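Comments concern the structure below.
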Amino acid sequence: MTTSPILEVRQVTKSFGAVDVLKGIDFEVIPGTVTALVGDNGAGKSTLIKGLAGIQPFDSGEVTFEGVKVNLNEPRDAADLGIEVVYQDLALCDNLDIVQNMFLGREVKRGIPLDEADMESRAGETLKSLSVRTVKSLRQKVSSLSGGQRQTVAIARAVLWNNKVVILDEPTAALGVAQTEQVLNLVRRLGEQGLGVVIISHNLQDVFEVADYIYVLYLGTMVVRLKREDTNPSEVVEYITGGKTNNAGSNGDLV
Amino acid sequence: MNEPATQTGALGFFNRQGADPIARMLGLFLPLATILLMVLFATQSDAFLTLANLRGITLQSAATIVLAVPTALLLMSAGIDLSIGSTVAVAGVMAGIFWQQDLIWAGLAAGLAAGLVIGLVNGSLVSLAGLNPIVVTLGTLAIGRGIAQVFADNPIFDFPEPVVAFGAGSTLEIPNLVWVAIVVVVLGMIVLNRLPYGKHLIAVGVNERAAYLAGLRVKMIKLSLYVATGLGAAIAGIMLAARFNSAPGGTLGVGTELFVLTAVLLGGVPFTGGQGAIWRVVIGVLLLGILRNGMVLLNFSSESAQIVLGSVLIIAAALELVRQRLYRKQ
């Protein structure tokens, strides 16, 4: 893959009081690929994502999007660029239906009023393009959906907007086997559609099933970037647990 | 895909959210209770079912409806405003002071400005500073009443002829004040059902974090709802002052918050926010108006009427709880 990265993070840091959670991280996302971000609890994965989502701005460092330096100070900034985060708890509004959730904050209007017909057909098309056929009605309230269906809605919402980068935080953590498979298929399809996909997961089996690149975070430092075909789960585990560092002669790039 | 226009119905009158049978049955409770109450009063008092009396009920309910619509929207976003009764008084008094000087438009502007300022104060303290809305608006409830009484030191009454004519008059056989209420109701329905803002305020009420993460300007939405409620209270205060041809700072709008919040809760908007329909709220106000009117006709003392009103608030809250429990069981 020789495409240039769509999202580039250079030397970002973040501290909470005396604790340095991110100690100068480099990270990049290439369009059309799936990048996995792994690391133990407390390694800084969530902090990195929150920075990219604009929830918790970085202290220092640089983020470039499509080659342009950008500031991410609130979720709106990220959304405007086309970076969409699918959170672990999905951040859906239970009392609203599927269409309303998918279009929340970016409703389609016909002049001044809402264009419900257009939103409904676009929501339907998007779900279809992701080969989702399990929902009965688009006007179902989200609270009536199963875990996998909710995950699907959250992901479809991310796709609907021609977002360029989709970040998924533990998308399969709460799902059963069949649903996990469905969601992983969905993730792969996002990559095939040309998006830059980032997936955070504790489950290395999932990671090896979908990821093209694997980044390992260890205690606030990006230890290594690996290509999936050049590595194996046990090597990744060694990096995650700090048993192996870059100097030990790895297959990965030094980052 | 289904044709969404048919599902939504005219201005969301038939809301699709009541699609399951139990919710639909409970949705019918309010209209049925209203009709039952009307039958009860009609059999007990000959005066109840007269055109003049029914007209009186709608006229009395007009200002309450104007206030209940923005209050309902605020509650749907999980906010609350207890200061509305005092805002009614401050706005009425401010308008009255200018009206006494024959300055009709200045009075109108002063009344609205009062509501705007109180709404901005409430909204900034709650949404920007992050204070608890009950505490803040309980404070402004007391402050507002005090201000109204200071400015109404001398009795404020005897307004210019156009003001009195508007307050007491009718257009096309419908009282002017009822026209104002109709306009506010239609506006409320459009905002809630037809504009993105309506979906946004519901989203804030259901899951504030999700709304924020979706890129909504949550703080601005909350602030704007407090301002809208302040303005609604101001319009109600101006309407009442015009109708009474006086603005008694000590009594104008006293207890309005209890009445309006009861009506809104009866109208199916839970204090936890996240759902509701304007037409139900209107029926809630009318139901309470009928109850109040019937109690007067049946010679209830104002003390016992007070007890009934308080009980209805609690019953409304209980009904809402039952509805939610049943809904969750599905």
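It should be emphasised that the depicted structure is a prediction, and the values quoted were computed from it without experimental measurement. Note: hydrogens, waters and symmetry copies are ignored here, and every other heavy atom, side chains too, is used. So you know, we letter chains A, B, ... as the sequences are listed, proteins then strands, and number each from 1.
- Between B/Tyr212 and A/Pro75, the closest heavy-atom pair is OH-CD, 3.2 Å.
- Without hydrogens or angle criteria, B/Arg194 side chain to A/Pro113 main chain gives no donor-acceptor distance under 3.5 Å.
- Contact record, A/Asn95 with B/Val206: CB-CG2, 3.5 Å, taken as the closest heavy-atom pair.
- Of the listed residues A/Cys93, A/Ala53, A/Gly54, the one with more heavy-atom pairs under 4.5 angstrom with chain B than any other is A/Cys93.
- When side chains are defined from C-beta on, B/Leu195 does not count as touching A/Glu107, because their heavy atoms never get closer than 4.5 Å.
- Note that CZ of A/Arg76 and CG of B/Leu213 are 13.0 Å apart. Values are rounded to the nearest 0.5 Å.
- Rounding to the nearest 0.5 Å places CG of A/Leu96 at 7.0 Å from CD1 of B/Ile202.
- The NZ atom of B/Lys199 sits 13.0 Å away from atom CZ of A/Phe103, with the distance rounded to the nearest 0.5 Å.
- In terms of heavy atoms, A/Leu104 sits closest to B/Ala211 at CD2-CA, 4.4 Å.
- Between A/Leu114 and B/Pro196 the shortest side-chain heavy-atom distance falls below 4.5 Å.
- The shortest side-chain heavy-atom distance between B/Asn207 and A/Asp94 does not fall under the 4.5 Å cut-off.
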